[in-house]
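Hydrogens, waters and symmetry mates are skipped; everything else that's a heavy atom, side chains included, is used. Here, residue 1 is the first one in the sequence, and each next residue gets the next number. Here the structure is a predicted model, which is why all the values come from computation and not from measurement.
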Amino acid sequence: MKYVSLFSGIEAATVAWEPLGWEPLLFSEIDEFPSSVLKARFPSVPNLGDITKINWKEAVRDFGRPDIVVGGSPCQ
């Protein structure tokens with residue numbers, strides 16, 4: 001399964017799903033600290049930042065179509 005994680009935080013979904021072989025296609029996180037954690041822990045997964053500014057047609061074209069979208073807003 002491939003997924004997109006919105007409001008990713010430090011990415012609990014990936015911690016839970018990685019042992020199952022699920023793969024994140026991309027993250028959407030704007031907060032500086034969680035974004036730095038994502039970059040350090042998942043350097044090959046792009047963080048597209050602000051969800052309101054993402055062009056989803058381009059994201060699907062560039063990174064593939066996800067099987068599932070996960071997120072929790074607000075992450076606080």
Side-chain angles (χ1 to χ4, degrees):
M1 295 283 277
K2 296 183 187 267
Y3 60 94
V4 168
S5 176
L6 309 177
F7 315 101
S8 301
I10 59 171
E11 200 41 40
T14 298
V15 172
W17 292 341
E18 196 169 40
L20 301 174
W22 292 24
E23 300 175 43
L25 293 174
L26 59 91
F27 302 134
S28 174
E29 176 58 58
I30 60 171
D31 191 63
E32 187 177 333
F33 177 73
S35 292
S36 66
V37 171
L38 293 174
K39 187 174 184 176
R41 291 182 61 215
F42 310 102
S44 64
V45 181
N47 177 6
L48 300 186
D50 189 338
I51 190 172
T52 66
K53 294 180 169 67
I54 297 172
N55 181 322
W56 290 104
K57 287 184 182 183
E58 287 180 12
V60 169
R61 181 193 68 216
D62 295 345
F63 305 107
R65 183 173 301 279
D67 297 305
I68 190 169
V69 176
V70 63
S73 169
C75 63
Q76 296 85 346

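Trp22 and Val70 fall within a single hydrophobic cluster, where Ile, Leu, Val, Met, Phe, Trp and Tyr are joined by side-chain heavy atoms under 4.5 Å apart, directly or via other members. Tracing side-chain contacts under 4.5 Å through hydrophobic residues (I, L, V, M, F, W, Y), one never reaches Leu25 starting from Ile68; they form parts of separate clusters. Leu20 is connected to Met1 through a chain of hydrophobic side-chain contacts under 4.5 Å among Ile, Leu, Val, Met, Phe, Trp and Tyr, so both are in one cluster. Two different hydrophobic clusters hold Phe42 and Phe63 under the rule that ILVMFWY side chains link at heavy-atom gaps under 4.5 Å. Taken together through direct or relayed side-chain contacts under 4.5 Å among Ile, Leu, Val, Met, Phe, Trp and Tyr, Val69 and Leu26 form part of one hydrophobic cluster.
Among all heavy-atom pairs drawn from Glu29 and Ser8, the shortest one is OE1-N, 3.3 Å. Closest heavy-atom contact between Arg41 and Glu11: NH1-O, 4.4 Å.
Inter-residue side-chain proximity for Phe27 and Pro46 is flagged as unmet; no heavy-atom pair is nearer than 4.5 Å. In this structure, the side chains of Val37 and Pro34 stay at 4.5 Å or more apart for every pair of heavy atoms. In this structure, Ile30 and Phe7 have side chains that are not in contact, with every pair of non-hydrogen atoms separated by 4.5 Å or more. Put simply, the side chain of Leu6 reaches to within 4.5 Å of the side chain of Val4, judged on heavy atoms.
With values rounded to the nearest 0.5 angstrom, Ser36 atom OG is found 10.5 Å from Ile10 atom CD1. Here Ser44 contributes atom OG and Lys39 contributes atom NZ; the two are 13.0 Å apart, rounded to the nearest 0.5 Å. Rounding to the nearest 0.5 Å gives a distance of 4.5 Å between CD1 of Ile51 and OG of Ser28.
Residue pairs meeting the side-chain hydrogen bond (donor to acceptor under 3.5 Å, both in side chains) criterion with at least one partner in residues 56-71, sequence neighbours excluded, are Asn55-Glu58.
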